[in-house]
Amino acid sequence: MNKSVLISCLAVILAFGVGYGSVMLIGRHDNAPSSGASATEGTEENGVLSLKNMTEGIAVTSSSFYPDNNSLFNKLNLIQYGIGKGIFSDKSLTSELEAAIRELEQLGYYYDYINKTFIENNGAVYGAKADERGPIGGGDGYKDIITKGTYTCYDDNTFYDAAGKAKEGDVIFIRGDAVIDLSDMKITDYPTLQLKPGVTIASNRGQNGAAGGKLIFSLHLSTMFKTHNNVRITGLVLQGSDAATHEGEESYVSTLGIIAQGAGVEIDNCEISGFNGAAISATVGDIYIHHCYIHHCRGENQGAGIQITKAAVRAEYNLFSNCRNAIKLSGAPAGSLVAENNVEAGNSLEEVICIKSGSISSALDSSVKQTASTVVIRNNTILGKSLPYTISSIPENELTVENNIFSLPEASYPTGLLYGTSELMQTLKPYYTIRSNVFDILSPAAYTYCTADPGARPAAGAESDKG
């Protein structure tokens, strides 16, 4: 990036401020290697497995920002001063502007580990690895981008007209340069916008670096969209208006991005942020959520990236940042979760995956409440210090936690929350699979744990099967 381009970017930032979503910064950072880069795989010496980090290039495509304004303005003012005094070389100015972009994006540890989200060793993969469809979080490099539709929308009126007319098989396309404010018309004429069965609503997020058409939502409303069977939402930017944590506040207006309900619902390659209740609330049906960037959903006692009640959800290749919980499952016994190849950026306020107790006693142990039918947590990378997940209840059919990467050493996490109490594990041992999870991203070591004795531990750096 040459100096004139950098100064132009800076001028835009300083001229228009850093309010929510007022600046668009997209593209690959210089420190991210190109896709397909590799590193030395793990080796085994004297019976000790040593896992070496692989590399992966991922671009973050984003146009909704919720920075610490004071910190960002201080950084930008310093950059402006340096430009005015002529003290920056091209390289140092690039570095300073990239630091400002990091402050703007609030992506935690993600860029520190952007090339270390997975490990390969002897044919096994640990952590989150992008697939052939594109990068984790979608955006630049995503392969399945829709670029035209049955209806093309560029403002509020054309969007609502298309939503009313579209029928099964139709595509409502939001132009990539469109910013559609849903607030006024939803209040007056369309309090609940339900996408009809078989309709696709799309924009071009990721096409040649495009951010995708943006739909903005008011705090005065509760839900942006509700789906029906076979609805697809792809390539959009959905921006709420409340990224606050509301810590200690008695009440606040709860907002949801999408209430996903119905069979065959797909949500992919979207950026969804700023909803204090949840970005996506999956209530019933089977919901597939993949390659999305979900962030800044932080309301107290809510604040989930994906909230699941009685739906069967598959969530994969998503990037989560600044959510109270990336995924929260409650509402036994019908719900289920398969979470694979997701990355948490390192700034969850509470446990990353929260499995809540239901109201029905488990058939396995009447003293313990049951939740969900199936919970699978596989090949995810958790970068933060929060608990990666908690076990507080019993899935009806299966609990599998395997081949994940957790950032801290295993001893840093409370054993009872990761593995359940000794008594619970004794009951559940035939039904639980907790194995081959890598702890300590700086000095990775893989552990298998499927025993009722939480006091037994493998030696550091070794992989041990205690089942």
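Keep in mind it's a predicted model, so treat the numbers as computed, not measured.
Taken to the nearest 0.5 Å, the OG atom of Ser336 stands 13.5 Å off from the NZ atom of Lys310. In this structure, CG on Leu236 lies 9.5 Å from CG on Asn204, to the nearest 0.5 angstrom. Note that the OG1 atom of Thr61 and the CG atom of Asp140 stand 5.0 Å from one another [nearest 0.5 Å]. Considering CD of Glu103 and CG of Leu76, their distance stands at 9.0 Å, rounded to 0.5 Å. The distance from the CD1 atom of Ile267 to the CD1 atom of Ile201 is 11.5 Å, given to the nearest 0.5 Å. In this structure, CD on Glu96 lies 14.0 Å from CD on Gln80, to the nearest 0.5 angstrom.
For the pair Ile382/Tyr389, no side-chain contact is recorded, criterion being any heavy-atom separation below 4.5 Å from C-beta on. Residues Ser95 and Leu93 fail the side-chain proximity criterion, which asks for heavy atoms closer than 4.5 Å. At least one side-chain heavy atom of Cys270 sits under 4.5 Å from a side-chain heavy atom of Ile233. The side-chain heavy atoms of Tyr113 and Ile441, taken from C-beta on, include a pair separated by under 4.5 Å. Between Tyr154 and Ile180 there is no side-chain heavy-atom pair separated by less than 4.5 Å. Within the 4.5 Å cutoff, side-chain heavy atoms of Ile119 are placed close to those of Ile405. Here the side chains of Ile280 and Ile294 are in contact, with some heavy-atom distance below 4.5 Å. Side chains of Leu349 and Glu247 form a contact here, defined as non-hydrogen atoms less than 4.5 Å apart.
Side-chain atoms of Ser92 and Ser89 form a donor-acceptor pair, as typed in the model, at a separation below 3.5 Å. For the 3.5 Å distance criterion, the side chains of Tyr66 and Ser273 qualify, holding a donor opposite an acceptor. With 3.5 Å as the limit, one finds no donor-acceptor pair spanning the side chains of His296 and Gln106. For the 3.5 Å distance criterion, the side chains of Asp268 and Thr234 qualify, holding a donor opposite an acceptor. A donor-acceptor contact under 3.5 angstrom links the side chains of Thr158 and Asp155, judged on distance only. Looking only at atom types and distance, the side chain of Ser321 has a donor-acceptor partner in the side chain of Asn347 under 3.5 Å away. Glu271 and Ser62 share a side-chain donor-acceptor pair at under 3.5 Å. In this structure, a donor-acceptor pair under 3.5 Å is present between the side chains of Glu398 and Thr400. Between Glu350 and Ser386, the side chains place no donor N or O within less than 3.5 Å of an acceptor N or O (distance only, hydrogens not considered). With hydrogens and angles left out, the side-chain atoms of Gln261 and His228 include no donor and acceptor closer than 3.5 Å. Counting only N and O atoms by type, the side chains of Gln307 and Ser281 include a donor and acceptor under 3.5 Å apart. Counting only N and O atoms by type, the side chains of Arg378 and Asn403 include no donor and acceptor under 3.5 Å apart. With no hydrogens or angles considered, no side-chain donor-acceptor pair links His295 and Glu105 at under 3.5 Å.
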* Give the intermediate values and the outcome of side chain to side chain contact (heavy atoms under 4.5 Å, CB included) for residues Asn269 and Asp144. => CA-CA 9 Å; Asn269 188 32; Asp144 189 11; over 6 Å; no
* **Derivation of the side chain to side chain contact (heavy atoms under 4.5 Å, CB included) call for Gln302 and Tyr252** => CA-CA 11 Å; Gln302 298 188 77; Tyr252 57 93; 3.1 Å; yes
* Begin from the C-alpha positions of Thr152 and Ile174 and carry the test side chain to side chain contact (heavy atoms under 4.5 Å, CB included) through to its verdict. => CA-CA 6 Å; Thr152 299; Ile174 310 296; over 6 Å; no
* To do: Begin from the C-alpha positions of Phe275 and Phe217 and carry the test ring pair (Phe, Tyr, Trp, His ring centres under 6.0 Å) through to its verdict.
  => CA-CA 9 Å; Phe275 295 94; Phe217 191 62; 5.7 Å; yes
* **Worked check of side chain to side chain contact (heavy atoms under 4.5 Å, CB included) between Ile258 and Ile272** => CA-CA 9 Å; Ile258 301 168; Ile272 312 175; 4.1 Å; yes
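Heavy atoms only, all atoms of each residue included: Ser407 and Gly384 are closest at OG-O, 2.6 Å. Shortest non-hydrogen contact noted between Tyr151 and Ala162 is CB-CB, 3.6 Å. Scanning both residues, Ala339 and Ile353, for their nearest heavy atoms gives CB-CD1, 4.5 Å. Of all heavy-atom pairs spanning Gly274 and Thr255, the tightest one is O-OG1, 4.4 Å. Smallest separation of non-hydrogen atoms from Ile287 and Ala311: CG1-CB, 4.1 Å. Nearest heavy-atom pair across Phe439 and Leu408 is CB-O, 3.5 Å.
With Tyr288 as the partner, the side-chain hydrogen bond (donor to acceptor under 3.5 Å, both in side chains) test is satisfied by one option alone out of Arg232, Glu316, Arg314: Glu316. When each of Arg324, Glu344, Lys328 is paired with Val352, the side chain to side chain contact (heavy atoms under 4.5 Å, CB included) condition holds for Glu344 and for no other.
Judged purely by atom type and a 3.5 angstrom limit, Asn276 has no side-chain atom pairing as donor or acceptor with the backbone of Ala244. Asp131 places a side-chain N or O within donor-acceptor distance of the main-chain N or O of Arg133, the cut-off being under 3.5 Å. Checking side-chain atoms of Asn404 against main-chain N and O of Asn380 turns up a donor-acceptor pair under 3.5 Å. When atom types are taken as modelled, the side chain of Asp170 and the backbone of Lys167 share a donor-acceptor pair closer than 3.5 angstrom. Without hydrogens or angle criteria, Ser203 side chain to Gly212 main chain gives no donor-acceptor distance under 3.5 Å. Judged purely by atom type and a 3.5 angstrom limit, Asn379 uses its side chain to pair as donor or acceptor with the backbone of Val125. With hydrogens and angles ignored, the 3.5 Å screen pairs a side-chain donor or acceptor of Asp68 with a backbone N or O of Ser71. Under a 3.5 Å cut-off, the side chain of Tyr293 and the backbone N or O of Ile136 do not form any donor-acceptor pair. Between the side chain of Asn230 and the main chain of Pro197, no donor-acceptor pair closer than 3.5 Å is present. Thr117 places a side-chain N or O within donor-acceptor distance of the main-chain N or O of Ala128, the cut-off being under 3.5 Å.
Applying the 6.0 Å contact sphere to NZ of Lys143 captures more than 12 heavy atoms from other residues, nucleotides or ligands.
A salt bridge does not link Lys214 to Asp177: none of the charged side-chain nitrogens sits closer than 4.0 Å to a carboxylate oxygen.
Residues satisfying the side chain to side chain donor-acceptor pair (under 3.5 Å) test with Asn341, not counting sequence neighbours, are none.
Under the 6.0 Å cut-off for aromatic ring centres, His291 and Tyr142 qualify, their centroids lying closer than that.
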